[in-house]
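Written out below as C-alpha coordinates is the structure these notes cover.
The sequence lines fix the lettering, A, B, ..., with proteins before strands; numbering per chain opens at 1. Please read these numbers as outputs of a predicted model, since none were measured by experiment.
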Amino acid sequence: MQESETTMLIAQQLRSGLSRLYADLLGRRVFKFLLALHGVGAFALITFGVMLGKFSVARCVVRPLVAREISRAGVKLLPMFLFASLAMGFLIIGQAAPWVSRVGGENTFLGDIMAIVVVRELGPLLTAFLVLARVGTANVVELGTARAMGEVESLEALGIDPVHYFVMPRVIGMAVGIFSLTVYLILGTVGSGYLWAFVQHVPLQPSDYFNQLAGALSYLDFILLALKTCAFGCIIAIVTCYHGLAQPLQLDQISNATVRAVGQSVIACVLIDALFIIAYLTV
Amino acid sequence: MNDSSRPLTQTPVLEMRGLTVASMKTPSVTVATGLNWTVHAGEFWVVGALQHSGKSDFLMTAGGIMSPADGEFKFLGEAMPIFEETRMAHRLKMGFVFDGGQLLGSLTIAENIALPLRYHSKMTVVEIESRVTELLTATDLTPWANNTPVNVARSWQQRAGLARALALSPEVLLLDSPLTGLDVRHTVWWLGFLGELSKGHRIVGTKALTLVATADDLRPWRGHANRVACLSGGKFLSLGDWSTVENSQESALQELLQH
(Lines give C-alpha, C1' and ligand atoms only; values in the text may rest on other atoms or scores of the structure.)
Protein backbone atom coordinates (compact mmCIF):
# COMPACT_ATOMS: atom_id res chain seq x y z
CA MET A 1 0.00 0.00 0.00
CA GLN A 2 2.79 2.32 1.04
CA GLU A 3 4.64 1.38 -2.14
CA SER A 4 1.70 2.25 -4.34
CA GLU A 5 1.33 5.63 -2.62
CA THR A 6 5.01 6.34 -3.28
CA THR A 7 4.57 5.31 -6.90
CA MET A 8 1.54 7.60 -7.22
CA LEU A 9 3.49 10.46 -5.64
CA ILE A 10 6.37 9.97 -8.07
CA ALA A 11 3.96 9.79 -10.96
CA GLN A 12 2.24 12.97 -9.77
CA GLN A 13 5.57 14.77 -9.44
CA LEU A 14 6.62 13.55 -12.86
CA ARG A 15 3.35 14.75 -14.31
CA SER A 16 3.68 18.18 -12.73
CA GLY A 17 7.34 18.31 -13.79
CA LEU A 18 6.42 17.34 -17.32
CA SER A 19 3.65 19.88 -17.42
CA ARG A 20 6.14 22.52 -16.28
CA LEU A 21 8.51 21.30 -18.97
CA TYR A 22 5.78 21.54 -21.59
CA ALA A 23 4.81 24.99 -20.34
CA ASP A 24 8.44 26.13 -20.52
CA LEU A 25 8.81 24.66 -23.98
CA LEU A 26 5.60 26.26 -25.18
CA GLY A 27 6.59 29.57 -23.60
CA ARG A 28 9.97 29.49 -25.29
CA ARG A 29 8.37 28.63 -28.61
CA VAL A 30 5.88 31.48 -28.30
CA PHE A 31 8.63 33.86 -27.26
CA LYS A 32 10.81 32.78 -30.19
CA PHE A 33 7.88 33.17 -32.57
CA LEU A 34 7.20 36.69 -31.29
CA LEU A 35 10.87 37.62 -31.61
CA ALA A 36 10.97 36.26 -35.17
CA LEU A 37 7.77 38.16 -35.99
CA HIS A 38 9.26 41.34 -34.53
CA GLY A 39 12.50 40.90 -36.49
CA VAL A 40 10.85 40.10 -39.81
CA GLY A 41 8.27 42.88 -39.30
CA ALA A 42 10.96 45.47 -38.61
CA PHE A 43 12.97 44.25 -41.61
CA ALA A 44 9.87 44.44 -43.83
CA LEU A 45 9.20 48.04 -42.74
CA ILE A 46 12.84 48.99 -43.42
CA THR A 47 12.65 47.31 -46.84
CA PHE A 48 9.44 49.08 -47.85
CA GLY A 49 10.89 52.36 -46.54
CA VAL A 50 13.99 51.91 -48.70
CA MET A 51 11.86 50.88 -51.70
CA LEU A 52 9.78 54.04 -51.41
CA GLY A 53 12.67 56.36 -50.62
CA LYS A 54 15.27 55.01 -53.04
CA PHE A 55 13.17 53.62 -55.87
CA SER A 56 14.78 55.91 -58.43
CA VAL A 57 18.25 56.06 -56.85
CA ALA A 58 21.14 54.55 -58.87
CA ARG A 59 18.83 53.00 -61.45
CA CYS A 60 21.73 51.97 -63.66
CA VAL A 61 22.94 49.69 -60.84
CA VAL A 62 19.61 48.43 -59.50
CA ARG A 63 17.78 47.85 -62.81
CA PRO A 64 20.09 45.04 -63.99
CA LEU A 65 19.81 43.45 -60.54
CA VAL A 66 16.00 43.53 -60.77
CA ALA A 67 16.14 42.04 -64.28
CA ARG A 68 18.43 39.27 -63.00
CA GLU A 69 16.03 38.49 -60.15
CA ILE A 70 13.01 38.40 -62.47
CA SER A 71 14.92 36.01 -64.70
CA ARG A 72 15.94 33.86 -61.73
CA ALA A 73 12.54 33.79 -60.00
CA GLY A 74 10.50 33.73 -63.21
CA VAL A 75 11.91 33.01 -66.66
CA LYS A 76 14.34 30.27 -65.64
CA LEU A 77 11.60 28.39 -63.78
CA LEU A 78 9.27 28.20 -66.78
CA PRO A 79 10.21 24.61 -67.81
CA MET A 80 9.56 23.37 -64.27
CA PHE A 81 6.21 25.15 -64.22
CA LEU A 82 5.25 23.67 -67.57
CA PHE A 83 5.79 20.23 -66.05
CA ALA A 84 3.95 21.24 -62.86
CA SER A 85 0.97 22.54 -64.85
CA LEU A 86 0.71 19.30 -66.84
CA ALA A 87 0.85 17.30 -63.62
CA MET A 88 -1.70 19.53 -61.87
CA GLY A 89 -4.19 19.30 -64.73
CA PHE A 90 -3.84 15.55 -64.72
CA LEU A 91 -4.21 15.27 -60.95
CA ILE A 92 -7.23 17.54 -60.64
CA ILE A 93 -9.16 16.24 -63.64
CA GLY A 94 -7.98 12.66 -63.03
CA GLN A 95 -9.35 12.78 -59.47
CA ALA A 96 -12.40 14.98 -60.05
CA ALA A 97 -13.81 13.51 -63.27
CA PRO A 98 -14.74 10.05 -61.89
CA TRP A 99 -16.41 11.59 -58.82
CA VAL A 100 -18.27 14.24 -60.76
CA SER A 101 -19.46 11.65 -63.31
CA ARG A 102 -21.19 9.77 -60.47
CA VAL A 103 -23.57 12.67 -60.07
CA GLY A 104 -23.68 13.25 -63.79
CA GLY A 105 -21.89 16.56 -63.57
CA GLU A 106 -18.83 15.85 -65.68
CA ASN A 107 -19.94 18.30 -68.32
CA THR A 108 -21.26 20.83 -65.78
CA PHE A 109 -18.73 21.24 -62.97
CA LEU A 110 -15.23 20.54 -64.27
CA GLY A 111 -14.65 24.17 -65.28
CA ASP A 112 -15.93 25.39 -61.90
CA ILE A 113 -13.65 22.94 -60.07
CA MET A 114 -10.64 24.18 -62.03
CA ALA A 115 -11.52 27.80 -61.22
CA ILE A 116 -11.97 27.16 -57.51
CA VAL A 117 -9.03 24.83 -57.00
CA VAL A 118 -6.43 26.24 -59.38
CA VAL A 119 -7.16 29.94 -59.73
CA ARG A 120 -8.13 30.70 -56.15
CA GLU A 121 -5.97 28.34 -54.12
CA LEU A 122 -3.56 25.79 -55.52
CA GLY A 123 -2.08 27.90 -58.32
CA PRO A 124 -0.73 30.79 -56.21
CA LEU A 125 0.21 28.61 -53.24
CA LEU A 126 2.01 25.94 -55.27
CA THR A 127 3.86 28.62 -57.24
CA ALA A 128 4.96 30.32 -54.02
CA PHE A 129 6.22 27.05 -52.53
CA LEU A 130 8.10 26.06 -55.69
CA VAL A 131 9.74 29.49 -55.99
CA LEU A 132 10.59 29.35 -52.28
CA ALA A 133 12.26 25.98 -52.78
CA ARG A 134 14.18 27.01 -55.89
CA VAL A 135 15.00 30.68 -55.29
CA GLY A 136 14.16 31.50 -51.66
CA THR A 137 16.64 28.97 -50.30
CA ALA A 138 19.30 30.24 -52.72
CA ASN A 139 18.62 33.76 -51.39
CA VAL A 140 19.47 32.76 -47.82
CA VAL A 141 22.63 30.92 -48.88
CA GLU A 142 23.81 33.76 -51.15
CA LEU A 143 23.10 36.54 -48.70
CA GLY A 144 24.32 34.55 -45.70
CA THR A 145 27.60 33.95 -47.53
CA ALA A 146 27.78 37.61 -48.56
CA ARG A 147 27.23 38.59 -44.93
CA ALA A 148 29.81 36.12 -43.66
CA MET A 149 32.33 37.36 -46.24
CA GLY A 150 31.86 40.98 -45.15
CA GLU A 151 30.13 42.19 -48.32
CA VAL A 152 27.50 44.07 -46.32
CA GLU A 153 30.13 46.13 -44.50
CA SER A 154 31.85 46.60 -47.83
CA LEU A 155 28.71 48.15 -49.33
CA GLU A 156 28.20 50.34 -46.27
CA ALA A 157 31.77 51.62 -46.62
CA LEU A 158 30.95 52.58 -50.21
CA GLY A 159 27.87 54.49 -49.08
CA ILE A 160 25.54 51.91 -50.64
CA ASP A 161 22.54 50.77 -48.62
CA PRO A 162 22.69 46.93 -48.49
CA VAL A 163 18.88 46.77 -48.39
CA HIS A 164 18.73 48.82 -51.58
CA TYR A 165 21.37 46.70 -53.32
CA PHE A 166 20.56 43.21 -52.04
CA VAL A 167 16.91 43.18 -50.89
CA MET A 168 14.95 45.56 -53.11
CA PRO A 169 15.77 43.75 -56.40
CA ARG A 170 14.87 40.43 -54.81
CA VAL A 171 11.52 41.69 -53.51
CA ILE A 172 10.55 43.15 -56.90
CA GLY A 173 11.93 40.14 -58.79
CA MET A 174 10.14 37.61 -56.64
CA ALA A 175 6.81 39.48 -56.64
CA VAL A 176 6.87 39.78 -60.45
CA GLY A 177 8.19 36.22 -60.82
CA ILE A 178 5.53 34.57 -58.64
CA PHE A 179 2.73 36.60 -60.24
CA SER A 180 3.86 35.68 -63.77
CA LEU A 181 4.53 32.04 -62.98
CA THR A 182 1.11 31.72 -61.31
CA VAL A 183 -0.54 33.01 -64.48
CA TYR A 184 1.45 30.51 -66.57
CA LEU A 185 0.70 27.70 -64.14
CA ILE A 186 -3.04 28.45 -64.21
CA LEU A 187 -3.14 28.67 -68.00
CA GLY A 188 -1.11 25.47 -68.35
CA THR A 189 -3.22 23.61 -65.80
CA VAL A 190 -6.48 24.71 -67.38
CA GLY A 191 -5.20 23.60 -70.79
CA SER A 192 -3.76 20.30 -69.61
CA GLY A 193 -6.91 19.68 -67.53
CA TYR A 194 -9.02 19.73 -70.64
CA LEU A 195 -6.46 17.51 -72.39
CA TRP A 196 -6.73 14.91 -69.63
CA ALA A 197 -10.53 15.16 -69.66
CA PHE A 198 -10.44 14.55 -73.41
CA VAL A 199 -8.12 11.56 -72.94
CA GLN A 200 -10.49 10.16 -70.31
CA HIS A 201 -13.43 10.49 -72.78
CA VAL A 202 -15.29 13.01 -70.65
CA PRO A 203 -18.18 14.26 -72.82
CA LEU A 204 -17.25 17.92 -72.54
CA GLN A 205 -16.91 20.37 -75.41
CA PRO A 206 -14.03 22.93 -75.22
CA SER A 207 -16.53 25.79 -75.48
CA ASP A 208 -18.57 24.41 -72.54
CA TYR A 209 -15.42 23.93 -70.47
CA PHE A 210 -14.17 27.47 -71.05
CA ASN A 211 -17.68 28.91 -70.55
CA GLN A 212 -17.84 27.13 -67.18
CA LEU A 213 -14.45 28.60 -66.30
CA ALA A 214 -15.46 32.09 -67.33
CA GLY A 215 -18.74 31.77 -65.45
CA ALA A 216 -17.01 30.68 -62.26
CA LEU A 217 -14.58 33.61 -62.26
CA SER A 218 -15.30 37.19 -61.37
CA TYR A 219 -13.21 40.38 -61.50
CA LEU A 220 -12.49 39.85 -57.79
CA ASP A 221 -10.64 36.62 -58.57
CA PHE A 222 -8.22 38.47 -60.84
CA ILE A 223 -7.63 41.31 -58.37
CA LEU A 224 -7.10 38.97 -55.42
CA LEU A 225 -4.89 36.70 -57.52
CA ALA A 226 -2.60 39.61 -58.41
CA LEU A 227 -2.51 40.90 -54.83
CA LYS A 228 -2.00 37.47 -53.32
CA THR A 229 0.86 36.44 -55.61
CA CYS A 230 2.64 39.76 -55.16
CA ALA A 231 2.21 39.42 -51.38
CA PHE A 232 3.66 35.90 -51.51
CA GLY A 233 6.63 37.17 -53.51
CA CYS A 234 7.27 40.07 -51.13
CA ILE A 235 6.99 37.96 -47.99
CA ILE A 236 9.21 35.13 -49.28
CA ALA A 237 11.86 37.63 -50.41
CA ILE A 238 11.72 39.54 -47.13
CA VAL A 239 11.84 36.46 -44.88
CA THR A 240 14.68 34.83 -46.83
CA CYS A 241 16.66 38.08 -47.08
CA TYR A 242 16.10 38.71 -43.36
CA HIS A 243 17.57 35.34 -42.44
CA GLY A 244 20.50 35.83 -44.80
CA LEU A 245 21.29 39.44 -44.00
CA ALA A 246 19.86 40.72 -40.76
CA GLN A 247 22.38 39.23 -38.37
CA PRO A 248 26.08 38.45 -38.72
CA LEU A 249 26.42 34.80 -39.75
CA GLN A 250 29.29 32.36 -39.69
CA LEU A 251 29.46 30.07 -42.72
CA ASP A 252 28.37 27.04 -40.64
CA GLN A 253 25.19 28.86 -39.51
CA ILE A 254 23.85 29.34 -43.02
CA SER A 255 22.18 25.92 -43.28
CA ASN A 256 20.21 26.53 -40.06
CA ALA A 257 19.24 29.99 -41.25
CA THR A 258 17.95 28.46 -44.50
CA VAL A 259 15.81 25.92 -42.65
CA ARG A 260 14.33 28.67 -40.44
CA ALA A 261 13.66 30.88 -43.45
CA VAL A 262 11.80 28.11 -45.32
CA GLY A 263 9.66 27.25 -42.27
CA GLN A 264 8.75 30.86 -41.59
CA SER A 265 8.06 31.60 -45.27
CA VAL A 266 5.66 28.64 -45.52
CA ILE A 267 3.82 29.73 -42.36
CA ALA A 268 3.66 33.34 -43.55
CA CYS A 269 2.32 32.32 -46.98
CA VAL A 270 -0.36 30.10 -45.44
CA LEU A 271 -1.42 32.91 -43.07
CA ILE A 272 -1.59 35.41 -45.94
CA ASP A 273 -3.60 32.89 -47.94
CA ALA A 274 -6.02 32.54 -45.02
CA LEU A 275 -6.38 36.33 -44.91
CA PHE A 276 -7.22 36.37 -48.61
CA ILE A 277 -9.83 33.63 -48.13
CA ILE A 278 -11.45 35.75 -45.42
CA ALA A 279 -11.29 38.79 -47.70
CA TYR A 280 -12.82 36.78 -50.53
CA LEU A 281 -15.64 35.48 -48.37
CA THR A 282 -16.47 38.86 -46.87
CA VAL A 283 -16.31 41.01 -50.03
CA MET B 1 53.03 68.07 -41.87
CA ASN B 2 54.41 69.57 -38.64
CA ASP B 3 52.09 70.99 -36.01
CA SER B 4 53.76 74.43 -36.36
CA SER B 5 53.08 74.59 -40.10
CA ARG B 6 49.36 73.74 -39.75
CA PRO B 7 46.93 76.69 -39.88
CA LEU B 8 45.15 77.11 -36.54
CA THR B 9 41.73 77.29 -38.19
CA GLN B 10 42.13 74.02 -40.10
CA THR B 11 39.37 71.52 -39.28
CA PRO B 12 40.78 68.17 -38.21
CA VAL B 13 40.03 65.33 -40.59
CA LEU B 14 39.14 62.94 -37.77
CA GLU B 15 38.44 64.01 -34.22
CA MET B 16 37.55 61.54 -31.48
CA ARG B 17 36.79 62.58 -27.91
CA GLY B 18 36.14 60.02 -25.17
CA LEU B 19 35.20 57.43 -27.77
CA THR B 20 34.25 53.88 -26.82
CA VAL B 21 34.62 51.29 -29.57
CA ALA B 22 32.41 48.19 -29.47
CA SER B 23 33.06 44.84 -31.10
CA MET B 24 31.42 44.33 -34.49
CA LYS B 25 30.54 40.69 -33.82
CA THR B 26 29.47 41.17 -30.18
CA PRO B 27 28.29 44.76 -29.71
CA SER B 28 28.07 44.33 -25.92
CA VAL B 29 31.86 43.79 -25.76
CA THR B 30 34.02 46.91 -25.56
CA VAL B 31 37.24 46.96 -27.58
CA ALA B 32 38.65 50.35 -26.50
CA THR B 33 37.50 53.12 -24.19
CA GLY B 34 38.34 56.78 -23.58
CA LEU B 35 39.76 57.16 -27.05
CA ASN B 36 41.04 60.67 -27.85
CA TRP B 37 42.58 61.17 -31.26
CA THR B 38 42.98 63.93 -33.81
CA VAL B 39 44.06 63.38 -37.39
CA HIS B 40 44.94 66.38 -39.52
CA ALA B 41 44.92 66.69 -43.31
CA GLY B 42 47.92 65.18 -45.08
CA GLU B 43 49.03 63.01 -42.18
CA PHE B 44 49.92 59.36 -42.70
CA TRP B 45 49.10 57.36 -39.58
CA VAL B 46 49.82 53.77 -38.80
CA VAL B 47 47.91 52.26 -35.88
CA GLY B 48 49.73 49.28 -34.44
CA ALA B 49 47.89 46.53 -32.61
CA LEU B 50 48.44 42.85 -32.08
CA GLN B 51 46.04 40.40 -33.71
CA HIS B 52 42.56 40.15 -32.11
CA SER B 53 43.04 43.37 -30.19
CA GLY B 54 40.20 45.08 -32.05
CA LYS B 55 41.95 47.12 -34.72
CA SER B 56 39.36 46.22 -37.37
CA ASP B 57 36.56 47.28 -35.01
CA PHE B 58 38.42 50.50 -34.28
CA LEU B 59 38.93 51.23 -37.97
CA MET B 60 35.34 50.39 -38.86
CA THR B 61 34.19 52.84 -36.21
CA ALA B 62 36.60 55.43 -37.60
CA GLY B 63 35.23 54.69 -41.07
CA GLY B 64 31.64 55.29 -39.93
CA ILE B 65 30.61 51.70 -40.67
CA MET B 66 29.90 51.08 -36.99
CA SER B 67 28.46 53.51 -34.47
CA PRO B 68 30.67 54.18 -31.45
CA ALA B 69 29.29 52.85 -28.16
CA ASP B 70 29.96 56.22 -26.53
CA GLY B 71 31.76 59.51 -27.08
CA GLU B 72 32.04 62.12 -29.77
CA PHE B 73 33.45 61.51 -33.25
CA LYS B 74 33.67 64.00 -36.09
CA PHE B 75 34.84 63.62 -39.67
CA LEU B 76 35.82 66.93 -41.30
CA GLY B 77 33.73 68.75 -38.70
CA GLU B 78 30.57 66.63 -39.10
CA ALA B 79 29.31 64.12 -36.56
CA MET B 80 29.80 60.49 -37.52
CA PRO B 81 28.49 57.98 -38.44
CA ILE B 82 26.68 59.28 -41.49
CA PHE B 83 23.87 57.13 -42.87
CA GLU B 84 21.55 59.84 -44.20
CA GLU B 85 21.32 60.21 -47.96
CA THR B 86 21.48 64.01 -47.62
CA ARG B 87 24.97 63.89 -46.02
CA MET B 88 26.28 61.07 -48.22
CA ALA B 89 28.49 63.36 -50.32
CA HIS B 90 30.38 64.25 -47.14
CA ARG B 91 30.65 60.60 -46.15
CA LEU B 92 32.12 59.70 -49.55
CA LYS B 93 35.16 61.87 -48.87
CA MET B 94 36.40 58.87 -46.93
CA GLY B 95 37.53 55.65 -48.59
CA PHE B 96 37.90 52.33 -46.79
CA VAL B 97 40.08 49.37 -47.75
CA PHE B 98 39.18 46.12 -45.99
CA ASP B 99 41.57 43.40 -44.98
CA GLY B 100 41.47 41.09 -48.02
CA GLY B 101 39.50 43.58 -50.11
CA GLN B 102 36.03 42.21 -49.25
CA LEU B 103 34.94 42.45 -52.86
CA LEU B 104 31.46 41.50 -54.02
CA GLY B 105 31.74 37.89 -55.15
CA SER B 106 29.14 38.16 -57.91
CA LEU B 107 30.98 40.97 -59.73
CA THR B 108 34.26 40.92 -61.65
CA ILE B 109 37.25 42.95 -60.43
CA ALA B 110 36.46 45.71 -62.95
CA GLU B 111 32.76 45.72 -61.97
CA ASN B 112 33.71 45.93 -58.29
CA ILE B 113 35.85 48.99 -59.00
CA ALA B 114 33.11 50.53 -61.14
CA LEU B 115 30.37 49.97 -58.55
CA PRO B 116 30.80 53.18 -56.48
CA LEU B 117 31.10 55.21 -59.69
CA ARG B 118 27.95 53.68 -61.17
CA TYR B 119 26.05 54.09 -57.90
CA HIS B 120 27.07 57.59 -56.85
CA SER B 121 28.44 59.53 -59.81
CA LYS B 122 26.66 60.95 -62.82
CA MET B 123 29.46 59.83 -65.13
CA THR B 124 28.61 58.29 -68.50
CA VAL B 125 29.39 54.64 -69.24
CA VAL B 126 32.43 55.69 -71.31
CA GLU B 127 33.74 57.95 -68.54
CA ILE B 128 33.30 55.16 -65.98
CA GLU B 129 35.13 52.70 -68.24
CA SER B 130 37.98 55.17 -68.67
CA ARG B 131 38.24 55.77 -64.90
CA VAL B 132 38.19 52.03 -64.17
CA THR B 133 40.93 51.43 -66.76
CA GLU B 134 42.99 54.18 -65.12
CA LEU B 135 42.57 52.56 -61.68
CA LEU B 136 43.29 49.07 -63.01
CA THR B 137 46.49 50.33 -64.63
CA ALA B 138 47.64 52.20 -61.52
CA THR B 139 47.18 49.08 -59.37
CA ASP B 140 48.52 46.60 -61.99
CA LEU B 141 45.17 44.79 -62.02
CA THR B 142 44.49 44.89 -65.77
CA PRO B 143 45.15 41.14 -66.34
CA TRP B 144 42.50 40.26 -63.71
CA ALA B 145 39.91 42.85 -64.72
CA ASN B 146 37.35 40.34 -65.98
CA ASN B 147 37.88 37.70 -63.30
CA THR B 148 35.62 37.27 -60.30
CA PRO B 149 37.37 37.67 -56.92
CA VAL B 150 37.32 33.94 -56.18
CA ASN B 151 39.64 33.38 -59.18
CA VAL B 152 42.15 35.99 -58.07
CA ALA B 153 44.82 35.65 -55.34
CA ARG B 154 44.12 37.39 -52.03
CA SER B 155 46.92 39.92 -52.51
CA TRP B 156 45.38 41.08 -55.79
CA GLN B 157 41.93 41.19 -54.21
CA GLN B 158 43.43 43.52 -51.61
CA ARG B 159 44.67 45.78 -54.41
CA ALA B 160 41.24 45.68 -56.06
CA GLY B 161 39.81 46.84 -52.71
CA LEU B 162 42.24 49.75 -52.81
CA ALA B 163 41.31 50.62 -56.41
CA ARG B 164 37.61 50.51 -55.49
CA ALA B 165 38.18 52.79 -52.48
CA LEU B 166 40.04 55.29 -54.69
CA ALA B 167 37.39 55.30 -57.43
CA LEU B 168 35.55 58.33 -56.04
CA SER B 169 38.80 60.21 -55.27
CA PRO B 170 38.40 60.42 -51.49
CA GLU B 171 40.28 62.87 -49.26
CA VAL B 172 40.92 60.32 -46.53
CA LEU B 173 41.76 56.65 -46.90
CA LEU B 174 41.47 54.11 -44.08
CA LEU B 175 43.21 50.78 -44.63
CA ASP B 176 42.64 47.73 -42.49
CA SER B 177 45.89 45.72 -42.20
CA PRO B 178 46.90 46.31 -45.84
CA LEU B 179 50.21 44.44 -45.51
CA THR B 180 48.89 41.33 -43.77
CA GLY B 181 49.72 38.15 -45.68
CA LEU B 182 51.59 39.87 -48.51
CA ASP B 183 54.92 38.75 -49.95
CA VAL B 184 57.88 41.14 -50.24
CA ARG B 185 57.02 42.24 -53.78
CA HIS B 186 53.47 43.22 -52.85
CA THR B 187 54.60 44.83 -49.57
CA VAL B 188 57.10 47.04 -51.40
CA TRP B 189 54.44 48.00 -53.95
CA TRP B 190 51.89 48.90 -51.24
CA LEU B 191 54.31 51.01 -49.22
CA GLY B 192 55.48 52.81 -52.34
CA PHE B 193 51.95 53.42 -53.62
CA LEU B 194 50.66 54.62 -50.26
CA GLY B 195 53.66 56.94 -50.00
CA GLU B 196 52.74 58.39 -53.40
CA LEU B 197 49.12 58.79 -52.35
CA SER B 198 50.15 60.65 -49.19
CA LYS B 199 52.18 63.07 -51.30
CA GLY B 200 49.64 63.38 -54.09
CA HIS B 201 49.04 60.83 -56.86
CA ARG B 202 47.53 61.62 -60.28
CA ILE B 203 44.90 58.90 -59.70
CA VAL B 204 43.28 61.10 -57.03
CA GLY B 205 43.89 64.40 -58.77
CA THR B 206 47.39 64.99 -57.27
CA LYS B 207 45.97 66.10 -53.91
CA ALA B 208 47.73 64.70 -50.83
CA LEU B 209 45.58 62.02 -49.21
CA THR B 210 45.25 61.62 -45.46
CA LEU B 211 46.02 57.99 -44.68
CA VAL B 212 45.30 55.81 -41.66
CA ALA B 213 46.46 52.19 -41.78
CA THR B 214 46.35 49.49 -39.13
CA ALA B 215 49.14 46.96 -38.74
CA ASP B 216 50.21 44.10 -36.50
CA ASP B 217 53.87 44.77 -37.32
CA LEU B 218 55.13 48.34 -37.28
CA ARG B 219 58.58 47.69 -38.73
CA PRO B 220 57.72 47.95 -42.47
CA TRP B 221 56.02 51.31 -41.86
CA ARG B 222 59.10 53.07 -40.50
CA GLY B 223 60.09 55.74 -42.99
CA HIS B 224 56.69 55.61 -44.71
CA ALA B 225 54.04 56.60 -42.15
CA ASN B 226 54.75 59.86 -40.32
CA ARG B 227 52.46 59.35 -37.31
CA VAL B 228 52.11 56.32 -35.05
CA ALA B 229 49.42 55.19 -32.64
CA CYS B 230 48.97 52.00 -30.72
CA LEU B 231 45.93 50.05 -29.56
CA SER B 232 46.58 47.73 -26.66
CA GLY B 233 44.58 46.35 -23.76
CA GLY B 234 41.55 48.46 -24.58
CA LYS B 235 43.58 51.68 -24.54
CA PHE B 236 44.51 53.86 -27.50
CA LEU B 237 47.86 55.65 -27.42
CA SER B 238 48.31 58.44 -29.92
CA LEU B 239 52.12 58.66 -29.97
CA GLY B 240 52.97 61.11 -32.74
CA ASP B 241 56.14 60.75 -34.80
CA TRP B 242 58.70 57.95 -34.81
CA SER B 243 61.07 59.68 -32.34
CA THR B 244 58.34 59.41 -29.68
CA VAL B 245 57.88 55.78 -30.58
CA GLU B 246 61.58 55.04 -30.13
CA ASN B 247 61.54 56.57 -26.64
CA SER B 248 58.29 54.94 -25.55
CA GLN B 249 58.47 52.31 -22.83
CA GLU B 250 55.08 50.86 -23.76
CA SER B 251 55.53 47.08 -23.81
CA ALA B 252 52.90 46.48 -26.52
CA LEU B 253 54.65 48.96 -28.75
CA GLN B 254 57.99 47.26 -28.26
CA GLU B 255 56.30 43.98 -29.22
CA LEU B 256 54.98 45.55 -32.41
CA LEU B 257 58.43 46.85 -33.28
CA GLN B 258 60.33 43.66 -32.46
CA HIS B 259 57.75 41.26 -33.84
Checklist outcome for this item: Looking only at C60(A), G53(A), A146(A), the option with the highest number of non-hydrogen pairs under 4.5 Å against chain B is C60(A)
Next on the checklist: For the interface with chain B, which of A157(A), A58(A), G150(A) has the highest count of heavy-atom pairs at distances below 4.5 Å?
Outcome noted: A157(A)
Which atoms of [X] come close to chain A, meaning under 4.5 Å heavy atom to heavy atom: side chain ones, backbone ones, both, or neither?
X       : result
L168(B) : neither
M60(B)  : side chain
L107(B) : side chain
L92(B)  : side chain

Checklist entry - Relative to chain A, which of L103(B), L115(B), I82(B) shows the most heavy atom pairs under 4.5 Å? => result L115(B)
Distance-only donor-acceptor pairs under 3.5 Å across chain B and chain A:
from	atom 1	to	atom 2	distance (Å)
E85(B)	OE1	K54(A)	NZ	3.1
R91(B)	NH2	E156(A)	O	3.3
R91(B)	NH2	A157(A)	O	3.2
Q102(B)	O	S154(A)	OG	2.8
Q102(B)	NE2	G150(A)	O	2.7
G105(B)	N	E151(A)	OE2	2.9
R118(B)	NH2	C60(A)	O	2.8
Y119(B)	OH	H164(A)	ND1	2.5
H120(B)	NE2	L158(A)	O	2.7
H120(B)	NE2	G159(A)	O	3.4
R164(B)	NH1	S154(A)	OG	3.2
R164(B)	NH2	S154(A)	OG	2.7

Checklist outcome for this item: Value for CG (L104(B)) from CG (L158(A)), rounded to nearest 0.5 Å, stands at 7.5 Å
Can you confirm whether more than 12 heavy atoms, excluding those of [X], are under 6.0 Å from its [atom1] atom?
X       : atom1 : value
M149(A) : CE    : no
F83(B)  : CZ    : yes
F73(B)  : CZ    : yes

Checklist entry - What residues, two or more places apart in sequence or in another chain, satisfy side-chain hydrogen bond (donor to acceptor under 3.5 Å, both in side chains) together with T38(B)? => result R17(B)
